[in-house]
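Because the structure is predicted, anything quoted here is derived from the model rather than measured.
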Amino acid sequence: MSCASDGAVDPGAPGLTRSIDQQFFERLREVNDKFAATVPTMLGRLQAMRAGFDAASPSVALAGQLQQLLHTIAGSAATFGFRTFGSEARVLEQRLRVLLAFDAVGAAEWDSWLRSLDHYLAWAGIDARADHFPVERGQGDI
């Protein structure tokens, strides 16, 4: 580490820069690990909400809770190394917003959205950090 003539530490000194970089990346790993530890809880919450959702008689309140949790995942996942997990949550959230915008939505439309949510949950349950999200054709594709 080098010092300027007034005794101040030179921030460009190689040892200091390396130390700051190491600290930064260590802290980033810690924060990423903390987020990763919350993924099973988020998936559990989504699964519980999904289990309580009746396409024939959908609860607007429950749909709102699903939308909020998907929004939270979509907004934070990429920051912590879960890019696809977040982007697919965003797709589900946007589709849900469209459904919620209508006064009446048929059970078939809700069933279609729920199948997509099931597909997402099955994929994320295997590896939410994976970069590839399989094309939705059925649960056998996961």
Side-chain angles (χ1 to χ4, degrees), residues 1-4 7-142:
M1 193 170 14
S2 63
C3 293
V9 175
D10 176 6
L16 183 61
T17 301
R18 183 168 180 234
S19 176
I20 291 171
D21 286 348
Q22 287 174 334
Q23 291 171 9
F24 171 78
F25 286 113
E26 179 58 34
R27 180 69 183 125
L28 186 59
R29 267 190 303 279
E30 289 172 9
V31 173
N32 287 351
D33 290 346
K34 283 182 183 179
F35 179 83
T38 69
V39 169
T41 301
M42 286 187 278
L43 291 175
R45 288 180 58 206
L46 282 172
Q47 289 167 337
M49 287 184 223
R50 194 277 179 245
F53 199 91
D54 179 6
S57 179
S59 163
V60 174
L62 183 55
Q65 291 172 7
L66 277 161
Q67 186 272 325
Q68 183 58 48
L69 182 53
L70 289 166
H71 179 79
T72 298
I73 294 168
S76 58
T79 303
F80 301 108
F82 291 76
R83 186 180 53 82
T84 305
F85 182 57
S87 65
E88 293 300 324
R90 177 76 67 214
V91 169
L92 285 166
E93 176 201 3
Q94 290 172 347
R95 284 182 59 200
L96 181 55
R97 279 185 188 220
V98 169
L99 292 173
L100 290 171
F102 290 96
D103 291 330
V105 176
E109 287 81 10
W110 283 115
D111 282 334
S112 174
W113 185 83
L114 289 169
R115 278 191 305 277
S116 295
L117 178 60
D118 291 341
H119 186 72
Y120 174 77
L121 289 168
W123 167 81
I126 294 169
D127 183 5
R129 206 177 282 217
D131 288 332
H132 174 72
F133 186 77
V135 175
E136 183 179 344
R137 283 183 247 156
Q139 294 300 330
D141 296 332
I142 302 291

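Without hydrogens or angle criteria, Gln94 side chain to Val91 main chain gives no donor-acceptor distance under 3.5 Å. Remark: side-chain polar atoms of Trp113 are not paired, donor with acceptor, to backbone N or O of Arg95 under 3.5 angstrom.
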Q: Give the intermediate values and the outcome of side chain to side chain contact (heavy atoms under 4.5 Å, CB included) for residues His71 and Arg97.
A: CA-CA 10 Å; His71 179 79; Arg97 279 185 188 220; 3.9 Å; yes
Q.
Checking Leu46 against Ile73 for the side chain to side chain contact (heavy atoms under 4.5 Å, CB included) test, could you report, in this order, the C-alpha distance in whole Å, the side-chain angles of both residues, the deciding distance, and whether it holds?
A. CA-CA 11 Å; Leu46 282 172; Ile73 294 168; 3.8 Å; yes
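Aromatic ring orientation, Phe35 versus Phe85: perpendicular (interplanar angle above 60°, classes split at 30° and 60°). A perpendicular orientation is assigned to the rings of His119 and Phe133, their planes being inclined by more than 60° (bins at 30° and 60°).
With a 4.5 Å cut-off on side-chain heavy atoms, Leu92 and Ser116 count as touching. Side chains of Gln65 and Gln68 form no contact here, defined as non-hydrogen atoms less than 4.5 Å apart. Between Leu117 and Leu66, some side-chain heavy-atom pair lies under the 4.5 Å cut-off.
Between Ser87 atom OG and Arg90 atom CZ the span is 9.5 Å, to the nearest 0.5 Å. Annotation: the span from Asp33 atom CG to Leu28 atom CG amounts to 9.5 Å, rounded to 0.5 Å. Note that CH2 of Trp123 and OG1 of Thr84 are 5.5 Å apart. Values are rounded to the nearest 0.5 Å. Summarising the geometry, atom CZ belonging to Phe82 is positioned 15.0 Å from atom CD belonging to Glu88; distances are rounded to the nearest 0.5 Å.
Taking all atoms of both residues into account, the shortest heavy-atom contact from Leu99 to Val105 is O-CG2, 3.2 Å. Contact between Leu114 and Ala55 at its shortest, heavy atoms only, is CD1-CB, 3.9 Å. Closest of all the heavy-atom pairs between Ala107 and Ala56 is CB-CA, 4.2 Å. Residues Ser76 and Thr72 come closest through the heavy atom pair OG-O, 2.9 Å. Among all heavy-atom pairs drawn from Leu69 and Met42, the shortest one is CD2-O, 3.8 Å. Considering every non-hydrogen atom in both Leu62 and Met49, the closest pair reads CD2-O, 3.4 Å.
The pair Glu30-Lys34 does not count as a salt bridge, with every side-chain nitrogen at least 4.0 angstrom from each carboxylate oxygen.
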